[in-house]
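Lettering follows sequence order; numbering is per chain, from 1.
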Amino acid sequence: MLDLKLMQKDPELVRAALEKRGSPIDVAEFTAMDERRKALIAEVETLKAEKNRVGPEIAKRKKAGEDASDLLERMGLVAERTRRLDAELSEVEAAEKEWMMTVPNMPHASVPVGKSEEDNPVVRVWGEVPKFDFQPREHWDLGTALGGLDFERAAKLAGARFAISFGWCARLERALAQFMLDTQTGLHGYTEVIPPYIVNRRTMTGTGQLPKFEEDLFKLTDERDFFLIPTAEVPLTNIYADEVLDEAQLPVKFCAFTPCFRSEAGSYGKDTKGLIRLHQFHKVEMVNFAHPDRSYEALEVMTGAAEKVLQLLELPYRVITLCTGDMGFGAAKTYDIEVWLPGQDKYREISSCSNCGDFQARRANIRFQPAGSKKTEYVHTLNGSGLAVGRCLVAVIENCQRADGAIVIPQALRPYMGGLEVVEPK
RNA sequence: GGAGAGGUGGCAGAGCUCGGUUUAAUGCGCUGGUCUUGAAAACCAGAGGCGGGGCAACCCGUCCGGGGGUUCGAAUCCCUCCCUCUCCGCCA
């Protein structure tokens, strides 16, 4: 959520910032609501102040056995009017809050202005794109041929956009997950967390999935307001909801390996084959709670932590900055890491690292107390994939394939694979 | 799933029976001060969040788990939801 004060003080600045990301807002609509709210508050509070003054007088008279019917009659009218105005005030407040909650974050000044993914500049490229003396195959083809992947039976069990892994492939996915967790906890100082995979509405609202994107989520309709997490960013970021951290605690760095569930409504026809876009996938997620002065620095470091995994696996990739028009709802700045996929002959997203500034912290009410200060401030929250496990599995299969259809396990993963070096065709 | 108890300010904990000098007692902790070589102790004073108004010192409203209701007036009465604890049952 944006700062209400800023919205009141300089709505034009907010409007201009959001225009850059293609999210127009109606300033007049907001101003009308805000002014109506203030007018109602002024009137309601005048009435309540009178109530508070007269109340003790009624009590005093009753105690003394005196008649108070004149005051009672008058206060009856005041109460009636207060009820009506209070009801209207609640409506206006709810509408204004809802309005604020559906406004996306403002892009940071350093974010390049652009309309779509076409306009995302490449920041750096790492590794050599491998040259094959044969036609490289796609992962669903290779994986299925080696008996590791089965999409048909997955469709029987659950439907489209699901997969089953068997044997070496299941183990490889587990190895990747463990390798990523070990890297983030061992090399980069992250604390490993196992959070709930099901969360409530409040939590989904804190990170920005709700109220605007409910159709992207899986909801447990028979239960209370329960949702399956679309990313561990949601439970990890909300861990400190409604809490005040000590300045000395910052930065707090959590990572978690979790399943992620996405309805993929609206992505019909996109990536219908393979592991790229599933309803259920695994991801290692990193979340930082950072001091506002150091959050953009932290974003660079976090992106580097995600890159490190690909470097150790020797998978070529590039980093791009999302332009203003391509950023997610809560982000102020985002780097995407795209890994090279020979089967598809292109780079595909494998990680997204964002600084959300105080946008989520304000929604979830996550603050810190600067040393020696009585006041609290909102922390800055960052999140990034470190990495998407399923897509990394795709990258390993496609980049490490041999002409005979075998897959050569990357050196770094072999200890996690019981020493296995090559997955041989039968 | 069954039965019972409870959610009050940073923490502990009264108030709820009988709604109105409670602007939520008291203790601890916290901040400033006095005293002291320093610290402790003692004593004095102060202190919250959110919102509205004012140039300002300030003033007002609101907050006793969330929401709703009764009433001139609710921490207190009623309804509802959530959470915690104890006992029983079941269970990886």
Side-chain angles (χ1 to χ4, degrees), chain A residues 1-9 11 30-101 194-206 210-211 219-227 235 238-249 259 358 361-379:
Chain A
M1 190 167 62
L2 298 180
D3 185 359
L4 182 66
K5 293 240 170 65
L6 178 66
M7 193 59 210
Q8 292 168 332
K9 210 177 74 192
F30 169 81
T31 307
M33 275 191 293
D34 201 52
E35 276 169 8
R36 181 64 188 144
R37 180 176 64 87
K38 287 186 180 177
L40 283 166
I41 285 174
E43 202 171 351
V44 161
E45 291 194 350
T46 304
L47 292 171
K48 287 185 176 172
E50 182 176 0
K51 179 200 84 177
N52 290 339
R53 276 199 311 274
V54 175
E57 176 64 18
I58 294 175
K60 206 167 94 187
R61 284 205 203 169
K62 286 205 162 182
K63 215 167 201 170
E66 295 169 8
D67 176 49
S69 55
D70 56 328
L71 293 179
L72 286 178
E73 188 185 341
R74 201 186 131 120
M75 286 299 99
L77 296 174
V78 167
E80 169 59 26
R81 183 156 174 72
T82 305
R83 246 193 301 278
R84 278 214 324 276
L85 292 174
D86 250 339
E88 190 185 347
L89 178 59
S90 305
E91 274 175 39
V92 172
E93 278 177 338
E96 190 173 350
K97 182 89 186 286
E98 173 84 6
W99 191 92
M100 288 296 288
M101 291 297 257
I194 301 181
Y197 306 151
I198 299 171
V199 298
N200 58 30
R201 180 169 291 270
R202 165 84 216 281
T203 299
M204 281 294 182
T205 306
L210 294 179
K219 187 176 180 187
L220 271 55
T221 49
D222 289 343
E223 288 297 333
R224 294 155 295 181
D225 260 351
F226 278 159
F227 299 87
N238 281 285
I239 281 175
Y240 288 131
D242 290 321
E243 294 192 37
V244 179
L245 305 174
D246 290 330
E247 187 173 27
Q249 269 180 277
D358 62 8
R362 187 173 283 111
R363 288 177 161 247
N365 195 25
I366 309 169
R367 293 162 297 166
F368 75 101
Q369 189 145 36
S373 168
K374 285 240 155 205
K375 278 284 176 192
T376 57
E377 280 181 53
Y378 291 112
V379 300

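- Rounding to the nearest 0.5 angstrom, the gap separating the CD1 atom in A/Ile239 from the OG1 atom in A/Thr203 is 10.5 Å.
- Judged by distance alone, the side chain of A/Arg201 and the main-chain N or O of A/Phe227 form no donor-acceptor pair under 3.5 Å.
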Original post:
Passes side chain to side chain contact (heavy atoms under 4.5 Å, CB included), A/Leu40 versus A/Val92? Steps please.
Top reply: CA-CA 9 Å; A/Leu40 283 166; A/Val92 172; 3.9 Å; yes
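- Atom CG of A/Asp3 is separated from atom P of B/rC50 by 12 Å (rounded to the nearest Å).
- Taking atom C1' on both nucleotides, B/rG20 is separated from B/rC81 by 30 Å, rounded to a whole Å.
- Summarising the geometry, the separation between CZ on A/Phe226 and P on B/rC81 is reported as 15 Å, rounded to the nearest angstrom.
- One atom, CD1 of A/Ile41, and another, P of B/rU62, lie 12 Å apart when rounded to the nearest Å.
- Within the 4.0 angstrom heavy-atom criterion, no nucleotide atom of any strand lies near A/Arg53.
- In secondary-structure terms, RNA chain B builds stems of at least 3 consecutive Watson-Crick or G-U pairs, each pair having both distances under 3.5 Å, at B:1-7 with B:82-88, B:10-12 with B:26-28, B:30-34 with B:42-46, B:48-53 with B:58-63, B:65-69 with B:77-81.
- Using a 4.0 Å heavy-atom cutoff across all strands shown, A/Ala49 reaches sugar-phosphate atoms only and no base atom.
- Here the side chain of A/Lys38 is nearest to one of B/rG53, B/rG61, B/rG51, namely B/rG53.
- Between the CZ atom of A/Arg362 and the P atom of B/rC50 there is a distance of 12 Å, rounded to whole Å.
- For the pair A/Glu96 and A/Arg36, the salt-bridge criterion is not met [side-chain N within less than 4.0 Å of a carboxylate O].
- Scanning atom types as modelled, no donor and acceptor separated by under 3.5 angstrom connect the side chain of A/Glu45 and the base of B/rG53.
- Distance from the side chain of A/Gln8 is smallest to B/rG52 among B/rG52, B/rC72, B/rG61.
- Rounded to a whole Å, the CG atom of A/Asp86 is 16 Å from the C1' atom of B/rU70.
- Under the 3.5 Å distance criterion, with hydrogens and angles disregarded, no donor-acceptor pair is assigned to the side chains of A/Thr31 and A/Asp34.
- On the P atoms, B/rA24 is 26 Å away from B/rG32, given to the nearest whole Å.
- Regarding A/Lys48, its NZ atom lies at a distance of 13 Å from the C1' atom of B/rA74, rounded to whole Å.
- The main-chain N or O of A/Met101 is found under 3.5 Å from a side-chain atom of A/Arg363 such that the two form a donor-acceptor pair.
- If you take atom C1' in B/rG89 and the same atom in B/rG1, they sit 8 Å apart, rounded to whole Å.
- At a non-hydrogen distance threshold of 4.0 Å, A/Gly55, A/Ile58, A/Ala59, A/Lys62 from residues 54-68 of chain A come into contact with RNA chain B.
- Note on A/Asn52: only backbone sugar-phosphate atoms sit closer than 4.0 angstrom, heavy atoms only; bases stay farther off.
- Set against B/rG51, B/rA74, B/rG61, the side chain of A/Lys51 has B/rA74 as its closest nucleotide.
- Rounded to whole angstrom, the span from the CG atom of A/Asp242 across to the P atom of B/rC83 amounts to 16 Å.
- Atoms CG and CZ, on A/Leu71 and A/Arg61 in that order, are 4.0 Å from each other to the nearest 0.5 Å.
- When the P atom is used for both B/rU23 and B/rG61, the distance is 12 Å, rounded to whole Å.
- Only the P atoms considered, B/rA14 is 9 Å distant from B/rG7, to the nearest whole Å.
- Contact record, A/Tyr378 with A/Phe368: O-CE2, 3.7 Å, taken as the closest heavy-atom pair.
- A gap of 10 Å separates the C1' atoms of B/rC82 and B/rG67, to the nearest Å.
- Distance alone, capped at 3.5 Å, places no donor-acceptor pair between the A/Arg367 side chain and the A/Val244 backbone.
- The residue among A/Leu72 and A/Leu4 whose nearest nucleotide of RNA chain B is located toward the 5' end is A/Leu4.
- Here the separation of B/rC16 from B/rG65, taken at their P atoms, is 16 Å to the nearest Å.
- For the side-chain contact (heavy atoms from CB on, under 4.5 Å) test with A/Leu47, the passing option among A/Asp86, A/Val78, A/Asn52, A/Leu77 is A/Val78; the others fail.
- Rounded to the nearest Å, the gap between the P atom of B/rG9 and that of B/rU76 is 15 Å.
- One interatomic measurement links the two molecules: CD of A/Glu93 to P of B/rG61, which rounds to 17 Å at whole-angstrom precision.
- Using a 4.0 Å cut-off between charged side-chain N and carboxylate O, A/Lys97 and A/Glu93 make no salt bridge.
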